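All remarks here apply to the structure that follows.
In this text the structure is predicted, and so the values were computed from the model without any measurement. Each chain gets a letter, A, B and so on, in the order the sequences are listed, and its residues count up from 1.
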Amino acid sequence: MKPSLPQGTRDFSHEVVYKRQYILQTIRQIFERYGFQPLETPAMENIDTLMGKYGEEGDKLIFKILNNGLDNPNKEQKTREALEEVFQGKWSKQLTERALRYDLTIPFARFVAMNHGSLVFPFKRYQIQPVWRADRPQRGRYREFYQCDCDVVGSSSLINEVELIHIYDQAFTSLQIPVSIQINNRKILAGLAEICGGQEQLTDITIAIDKLDKIGLEKVKEELTQRGLDQAQIEVIEQYLNIKGSNNEQLTQIEQLLSESKQAMLGVTELRYLLDFAKDSVKSVQLDFTLARGLNYYTGTIFEIKASTVKMGSIGGGGRYDDLTGLFGVKDVPGVGISFGIDRIYDVMEELNLFEGKLSQGTEVLFFNLGSYEIQGAYPVIQKLRQAGIRTELYHEPVKFDKQFKFAEKKGIPYIAIIGSEEITDNKITIKHLPSGWQEQMDSTNIDHIVQALHTQREDK
RNA sequence: GAGAGCAUAGCUCAGUUGGUUAGAGCGUCGGAUUGUGGUUCCGAAGGUCGUGGGUUCGAGACCCAUUGUUCUCCCCA
């Protein structure tokens with residue numbers, strides 16, 4: 001058979017894995033520095049846990065796992081009936097009881113709901129795992145991709161938002177990606193909706209204005225009309241969208257425009273607190289009232305990260321949610337969280353050439369294989385180098401030097417080592433640096449000296 | 001869910017209005033070269049032209065279907 005991958009999935013070669021690990025390790029370290037602890041949840045969840053949490057579209061994009069034993073003749077009648085239900089648009093547990101996780105937030109909420117009795121609140125967890133979506137793959141979109149989340153639950157304090165802003169800032173500073181951290185508050189959007197026809201318009205309004213930078217003001221107004229808003233309401237929204245200036249200027253303007261809404265004013269107060277707190281330490285925080293974010297469970301602060309110098313969708317996002325675990329019967333567990341879009345961060349860094357010199361490398365030294373007697377002499381040296389932390393490989397069979405050199409060249413191994421019969425008698429080792437041509441015979445018992453030679457910077461020829 | 005493009009050697013791609021035996025570069029393998037590679041030179045292997053039908057004296061090329069893949073919209077990370 002011809003081997004192939006399922007649509008929208010990828011193999012990662014060693015170069016890519018090194019780079020991805022570099023990103024993940026950088027972020028993980030920062031999470032831990034702020035007191036977040038890791039959590040892992042299963043790839044699959046009970047289907048009830050996931051269904052209905054991501055909207056109608058989301059349900060369609062969940063990968064469902066077929067039950068085993070459907071071919072059992074004793075259950076044939078039931079199975080056929082269940083299949084009929086599928087044509088009615090319903091998924092029966094008779095056919096599927098499990099599904100692949102669609103994001104990390106709902107499984108986390110499930111975990112908190114199950115364990116809230118034994119957790120210490122506020123509970124701070126980070127989670128880095130793949131998720132699966134039956135979406136149609138396209139540029140920057142896959143059916144299997146990683147999410148990298150950190151959330152605090154059990155605290156309404158805005159200091160959590162402050163911490164998350166600093167995590168974002170440190171992560172992207174550390175990765176050397178220039179970004180703007182865009183920030184808004186759902187209460188302001190809710191206030192806008194309140195003034196323009198009521199809460200039930202909130203979703204319609206947010207979906208439309210979120211598209212501002214993509215489709216422009218005129219198209220947004222068209223969409224608002226289509227969604228049933230009248231002229232006066234659209235006018236207010238237009239004023240809202242036209243707010244510009246520094247963070248402080250924008251806050252002043254929004255206060256005037258939405259002064260009627262208590263909710264909006266609360267949002268302004270929260271934003272002012274955050275911006276004030278961050279204004280000296282984090283330069284890249286940018287107020288953006290058009291930021292809406294799709295997920296409906298957000299209730300307060302919302303974040304989104306955009307790379308400033310690369311054209312790419314958002315590379316991170318998050319926000320506050322007041323009642324996530326309510327879905328699982330546990331009330332009053334407010335939370336706030338952020339997420340890093342690893343796959344897109346990778347693309348941005350690749351484009352900006354930010355990986356150079358930062359990666360854990362492959363093999364540092366290749367021992368030539370000159371025959372079984374010579375290998376036995378060389379092997380103790382190989383093991384000592386490995387104990388000393390040198391990434392060391394031995395060529396797998398005694399073939400002519402030409403081949404062994406070319407192997408080292410192709411794998412990008414900088415040093416080769418030769419221990420032949422002469423060297424064995426004299427306790428010597430010949431080390432050669434391929435890029436420069438530097439070569440020296442040294443004492444094979446003096447491991448420190450060898451390690452030192454391997455760590456010396458050398459100019460290429 | 002809606003729409004568009006692409007599919008020829010391991011990879012990147014040529015292939016004329018339909019015309020003999022389908023090509024190139026890179027890579028792979030062997031040799032020049034049995035303890036010092038990279039360059040160079042010589043040689044070789046490698047193809048159901050995605051699959052199935054159709055039109056034609058003749059199809060890699062045209063038509064239909066199908067599968068895969070890429071991209072756009074919707075939505076999202």
Side-chain angles (χ1 to χ4, degrees), chain A residues 1-10 13 54-62 89 101-105 128-149 203 206-208 210-211 214-215 219 223 292-296 303-307 312-319 337-348 366-371 374 378 395 398-424 428-441 460-461:
Chain A
M1 66 170 267
K2 196 176 170 187
S4 66
L5 284 172
Q7 201 179 33
T9 65
R10 298 157 292 168
S13 68
Y54 308 104
E56 210 174 305
E57 285 299 309
D59 281 358
K60 287 183 195 162
L61 299 181
I62 293 171
R101 87 164 90 73
Y102 178 89
D103 73 354
L104 301 180
T105 309
I128 302 172
Q129 287 189 280
V131 302
W132 294 270
R133 295 185 186 177
D135 213 346
R136 182 163 299 196
Q138 52 185 278
R139 182 180 180 77
R141 185 180 302 189
Y142 306 96
R143 288 186 150 181
E144 178 184 67
F145 62 97
Y146 268 74
Q147 289 195 334
C148 177
D149 284 20
T203 309
T206 53
I207 287 175
D210 198 31
K211 294 179 183 168
K214 212 170 181 180
I215 60 178
K219 293 262 180 186
E223 183 149 349
R293 293 195 61 77
L295 291 169
N296 276 323
F303 308 102
E304 195 154 291
I305 307 297
K306 291 230 168 78
M312 177 77 65
S314 74
I315 56 176
I338 56 174
S339 178
F340 288 80
I342 297 301
D343 300 80
R344 286 181 180 173
I345 289 172
Y346 177 92
D347 289 343
V348 169
L366 176 74
F367 273 69
F368 276 17
N369 186 328
L370 315 216
E374 288 86 345
Y395 197 82
V399 295
K400 50 185 181 179
F401 272 34
D402 181 71
K403 283 203 112 174
Q404 306 200 40
F405 267 118
K406 282 181 176 158
F407 178 81
E409 181 78 21
K410 270 186 286 193
K411 279 191 72 172
I413 301 171
Y415 286 94
I416 60 102
I418 297 170
I419 295 185
S421 48
E422 298 165 27
E423 282 91 346
I424 289 175
K428 294 284 182 196
I429 180 169
T430 301
I431 305 274
K432 177 169 184 169
H433 184 242
L434 264 38
S436 66
W438 171 90
Q439 176 170 336
E440 199 172 294
Q441 199 171 64
D460 291 4
K461 252 195 289 203

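Taking atom CD1 of A/I416 as the reference point, atom C1' of B/U36 lies 7 Å away to the nearest angstrom. With rounding to whole Å, A/D402 atom CG is found 9 Å from B/G31 atom P. Distance A/F145 CZ to B/C76 C1': 8 Å, rounded to the nearest Å. Put simply, CZ on A/R139 is 20 Å from P on B/C76, counting in whole angstrom units. Atom CZ of A/R141 and atom C1' of B/U70 are 14 Å apart (whole Å). The CG atom of A/D347 sits 20 Å away from the P atom of B/C76 (whole-angstrom rounding). At whole-Å resolution of the value, NE2 in A/H433 and P in B/U36 are 20 Å apart. Distance A/R10 CZ to B/U69 P: 14 Å, rounded to the nearest Å.
Only the C1' atoms considered, B/G5 is 26 Å distant from B/C26, to the nearest whole Å. Taking the P atom of each, B/C74 and B/G60 are spaced 42 Å apart, rounded to whole Å. B/U16 and B/G54: their P atoms are spaced 25 Å apart (whole Å). A distance of about 31 Å separates the P atoms of B/G3 and B/C49, rounded to the whole Å. Across B/C62 and B/A24, the matching C1' atoms stand 26 Å from one another, rounded to whole Å. Distance noted for atom P between B/U69 and B/G25: 32 Å (whole Å). The gap from the P atom of B/A9 to that of B/A22 amounts to 14 Å, rounded to the nearest Å. Look at the P atom in both B/G10 and B/U48: the space between them is 8 Å, to the nearest Å.
When heavy atoms are screened at a 4.0 angstrom cut-off, A/Y146 is found touching no nucleic acid atom at all. Within the 4.0 angstrom heavy-atom criterion, no nucleotide atom of any strand lies near A/I342. A/Q138 comes within contact range of at least one nucleobase, with a heavy-atom separation under 4.0 Å. Among the heavy atoms of the strands lying under 4.0 Å from A/G140 is at least one base atom, whether or not backbone atoms are also near. Counting non-hydrogen atoms under 4.0 angstrom, A/T105 reaches nothing in the nucleic acid. When heavy atoms are screened at a 4.0 angstrom cut-off, A/S339 is found touching no nucleic acid atom at all. Note on A/L370: a base of the nucleic acid sits closer than 4.0 angstrom, heavy atoms only.
Across all strands shown, B/A2 is found opposite B/U72 as a Watson-Crick or G-U wobble partner, with both distances under 3.5 Å. In this entry B/G38 has no Watson-Crick or G-U wobble partner, no candidate having both defining distances under 3.5 Å. B/A77: no Watson-Crick or G-U partner with both key distances under 3.5 Å is found in any strand. Across all strands shown, nothing is found opposite B/G46 as a Watson-Crick or G-U wobble partner with both distances under 3.5 Å. Under the Watson-Crick or G-U wobble criterion, with both distances below 3.5 Å, B/G10 is paired with B/C26.
Under the 4.5 Å side-chain criterion, counting only non-hydrogen atoms from C-beta, A/L434 is in contact with A/F405. Put simply, the side chain of A/F401 reaches to within 4.5 Å of the side chain of A/L370, judged on heavy atoms.
In this structure, CG in A/D149 is found 7.5 Å from CG in A/D103, a value given to the nearest 0.5 Å.
Side-chain nitrogen and oxygen atoms of A/K400 include none within less than 4.0 Å of the OP1 or OP2 phosphate oxygen of B/U36. Using a 4.0 Å cut-off, no side-chain N or O of A/K403 falls inside it from OP1 or OP2 of B/U28.
In this structure, of B/U72, B/U69, B/U33, it is B/U69 that holds the atom nearest to the side chain of A/Q7. The nucleotide whose nearest atom lies closest to any side-chain atom of A/F401 is, among B/U28, B/G35, B/G3, B/G35.
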Cut-off 3.5 Å, no hydrogens considered: what does the side-chain donor-acceptor table look like for residues 416-424 of chain A, sequence neighbours left out?
unit_1	atom_1	unit_2	atom_2	d
A/E423	OE1	A/G420	N	3.0
A/E423	OE2	A/T430	OG1	2.9

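Residues satisfying the side chain to side chain donor-acceptor pair (under 3.5 Å) test with A/E304, not counting sequence neighbours, are A/R293.
Here the side chain of A/E144 pairs no donor or acceptor atom with the backbone of A/R10 at under 3.5 angstrom.
In this model, a side-chain donor or acceptor of A/Q439 finds a partner on the base of B/U36 within 3.5 Å. Within 3.5 Å, a donor on the side chain of A/E423 pairs with an acceptor on the base of B/G35, or the reverse. The base of B/C76 has none of its N or O atoms less than 3.5 Å from a complementary donor or acceptor on the side chain of A/R133. At a cut-off of 3.5 angstrom, counting only N and O atoms as typed in the model, there is a donor on one side and an acceptor on the other between the side-chain of A/K432 and the base of B/U36.
A perpendicular orientation is assigned to the rings of A/Y415 and A/W438, their planes being inclined by more than 60° (bins at 30° and 60°).
Each of A/G8 and A/E57 was matched to the nucleotide of RNA chain B holding its nearest heavy atom; the match closer to the 5' end belongs to A/G8. If A/K410 and A/Q441 are placed on RNA chain B by their nearest nucleotide, the residue sitting closer to the 5' end is A/K410.
For the pair A/Y395 and A/F407, the tightest heavy-atom approach, listed with the atom from each and the gap, is CE1-CG, 3.5 Å.
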